[in-house]
Colleague: 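Handing you this structure, nothing more for now.
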There are 2 protein chains.
Amino acid sequence: MSDTNGKELLAGHLTSFMTFRLARAHNKLNAQISHYLRIYSDIGLVDWRVLRLLEAMGDTTMSQLSRLLQMDKGQLSRKIRGLVERKLVTSRVDQVDSRQQILRIDEAGRQLVRDILPKVQERQRLLVEGISQADLEVFLEVLAKIDAASETRDPL
Amino acid sequence: MSDTNGKELLAGHLTSFMTFRLARAHNKLNAQISHYLRIYSDIGLVDWRVLRLLEAMGDTTMSQLSRLLQMDKGQLSRKIRGLVERKLVTSRVDQVDSRQQILRIDEAGRQLVRDILPKVQERQRLLVEGISQADLEVFLEVLAKIDAASETRDPL
DNA sequence: AGAATTTGGTTGACATATCAACTAAATACT
DNA sequence: AGTATTTAGTTGATATGTCAACCAAATTCT
């Protein structure tokens, strides 16, 4: 099966279609991981990311997650409600600031992460195999810069 | 305003959270460009991408666009119907293969692209300013590799 | 040629994402 | 203290995205 994706058509100025390429890669990655999650679990992509983060960084709040994932707080609110209902996460009102609630991953959630993580990491490994360490570092650096630069919402 | 996004929490193994970071950057970029599109036009992000591609690569078909954008053909079908209804794109059945239809950007669509493109390019320029040419090249190369590697949907 | 498979596109049902309005608590301002 | 502003989170309305079923035309296989 030859790759007739027409990528060659998008040459030209270096940054032309850069965000487009990013979006495209993102779409493919998302489709792939969603696919795996469906096979290996019954949680969705956002659920996975939330659990993964809660497991990795410990207790936190919705608004932190929202900032971190750069994701709508409304959506997050609903997703987290689902996770709490499924007993994967617990939520308690913060004693210091009663507007916010502290989210903590539950043992069941932790177990889920333990089950899925190896497969996700293996996939991650496959994604970057053949790419040199140095190139990967540059990649992540540039990605971080672009991330930082896409902060402003002011009109040009 | 200090950046309390907690990015520092995500250090560790180089590729840990790589797709997560990609998703995050993607979300921010999308939010940003959608915002601009809302200010400067009344078309959505997908409409923009389709018009931009049709303008840049000439006539094509839905399935090509679907492959290129790595986007659901169903959604694309509806979006393109909208573009045709708004007379930004014309569609005619291919004489050779009557399953498919050739999509062509209309003059109105072309004009729209001419109006918006400079602002998009200026934004693009701001995104990458301060990043060296060499680093950008590596970035795009790695991105392409990851894109290619995220092809398989087979279980691990 | 005829059957089986693939491909291009449309549609419906459903899940997810986005935006805006809103409540309540915390902070800042005077 | 008292008002104004900001922040955390929820909710509803609406737009977008995803998946699967489906039709019709093209292609492959025999």
Side-chain angles (χ1 to χ4, degrees), chain A residues 1-2 4 23-24 26-39 42-50 59-85 89 91-103 153, chain B residues 1-2 4 23-24 26-39 42-50 59-85 89 91-103 153:
Chain A
M1 179 178 67
S2 75
T4 52
R24 180 191 146 102
H26 169 83
N27 284 347
K28 287 174 80 171
L29 287 170
N30 261 16
Q32 198 190 39
I33 193 172
S34 296
H35 179 73
Y36 287 146
L37 286 176
R38 229 171 298 116
I39 292 178
D42 60 344
I43 63 172
L45 183 50
V46 174
D47 301 319
W48 165 249
R49 290 206 169 120
V50 168
D59 298 6
T60 184
T61 65
M62 251 210 38
S63 62
Q64 261 225 67
L65 285 177
S66 166
R67 271 192 297 272
L68 208 56
L69 292 163
Q70 210 59 31
M71 179 173 283
D72 185 73
K73 60 187 178 152
Q75 194 207 162
L76 218 40
S77 168
R78 287 179 247 245
K79 286 290 175 191
I80 285 172
R81 185 192 304 153
L83 290 172
V84 169
E85 276 164 7
V89 166
S91 157
R92 68 189 154 80
V93 173
D94 184 2
Q95 290 309 301
V96 179
D97 181 342
S98 67
R99 284 171 308 178
Q100 66 189 9
Q101 49 207 58
I102 313 276
L103 303 172
R153 286 188 139 229
Chain B
M1 178 177 70
S2 75
T4 52
R24 180 191 145 103
H26 168 83
N27 284 347
K28 287 175 80 171
L29 287 169
N30 261 17
Q32 196 188 42
I33 192 172
S34 296
H35 179 72
Y36 288 148
L37 286 175
R38 229 171 298 118
I39 293 178
D42 59 344
I43 63 172
L45 184 50
V46 173
D47 302 319
W48 165 249
R49 291 207 168 120
V50 167
D59 299 6
T60 185
T61 65
M62 250 210 39
S63 62
Q64 261 225 66
L65 285 178
S66 166
R67 270 191 298 272
L68 208 56
L69 292 162
Q70 209 59 32
M71 179 172 284
D72 185 75
K73 60 186 181 157
Q75 193 206 160
L76 217 42
S77 169
R78 289 179 247 245
K79 284 291 175 190
I80 284 170
R81 186 192 304 153
L83 290 171
V84 169
E85 275 164 8
V89 166
S91 157
R92 69 190 153 81
V93 172
D94 184 0
Q95 291 308 301
V96 180
D97 182 342
S98 67
R99 283 170 308 177
Q100 66 190 10
Q101 49 208 59
I102 314 275
L103 303 172
R153 287 188 138 229

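Each chain gets a letter, A, B and so on, in the order the sequences are listed, and its residues count up from 1. Remember, it's a predicted structure, so these values are computed and weren't measured experimentally.
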Colleague: Quick one: on DNA chain C, does A:V46 or A:D97 contact a more 5' nucleotide (nearest heavy atom)?
Modeller: A:V46
Colleague: Write down the distance between CG (A:L68) and P (D:dA8), rounded to a whole number of angstrom.
Modeller: 14 Å
Colleague: Could you list the residues that satisfy side chain to side chain contact (heavy atoms under 4.5 Å, CB included) with B:S34, not counting sequence neighbours?
Modeller: B:R38, B:L45
Colleague: Both B:S34 and A:L45 contact DNA chain C. Which one's nearest nucleotide lies toward the 5' end?
Modeller: A:L45
Colleague: I'd like to check the side chain to side chain contact (heavy atoms under 4.5 Å, CB included) partners of B:S98; sequence neighbours left out, ordered by chain and number.
Modeller: B:V93
Colleague: Under the rule for salt bridge (charged side-chain N to carboxylate O under 4.0 Å, His left out), what residues qualify as partners of A:R81, not counting sequence neighbours?
Modeller: none
Colleague: Residues two or more places apart in sequence or in another chain: which of them pass salt bridge (charged side-chain N to carboxylate O under 4.0 Å, His left out) with B:R78?
Modeller: none
Colleague: I need the CD-C1' distance between B:Q95 and D:dA26, as an integer number of Å.
Modeller: 15 Å
Colleague: Check whether any side-chain heavy atom of B:N27 sits under 4.5 Å from a side-chain heavy atom of A:L69, and report yes or no.
Modeller: no
Colleague: Let me know the distance between CG of A:L37 and C1' of D:dC19, rounded to the nearest Å.
Modeller: 16 Å
Colleague: If each of B:D94 and A:N27 is mapped to the nucleotide of DNA chain D with the nearest heavy atom, which maps nearer the 5' terminus, i.e. the 5' end?
Modeller: A:N27
Colleague: Is there a side-chain contact between B:L68 and B:T60, using heavy atoms and a 4.5 Å cut-off?
Modeller: no
Colleague: What is the distance from CZ of B:R67 to P of C:dT7, rounded to the nearest Å?
Modeller: 9 Å
Colleague: Give a yes/no answer on whether the side chain of B:S98 brings an N or O atom under 4.0 Å of OP1 or OP2 in D:dA26.
Modeller: yes
Colleague: What integer distance in Å separates A:R38:CZ from D:dC19:C1'?
Modeller: 8 Å
Colleague: Rounded to the nearest Å, what distance is computed from the CG atom of residue B:N30 to the C1' atom of nucleotide D:dA15?
Modeller: 14 Å
Colleague: Taking salt bridge (charged side-chain N to carboxylate O under 4.0 Å, His left out) as the test, write out the residues that go with B:D94, two or more places apart.
Modeller: none
Colleague: Given atom CG of A:L65 and atom C1' of D:dT7, what is their separation to the nearest angstrom?
Modeller: 16 Å
Colleague: What is the distance, to the nearest angstrom, from the CG atom on A:L69 to the P atom on D:dA8?
Modeller: 15 Å
Colleague: How does protein reach along nucleotides 9-14 of chain D, written 5' to 3' as B (base within reach of a heavy atom under 4.0 Å), S (only sugar-phosphate), or - (no contact)?
Modeller: BBBBB-
Colleague: Taking any heavy-atom pair under 4.0 Å as a contact, classify B:V96: base, sugar-phosphate, or nothing.
Modeller: sugar-phosphate
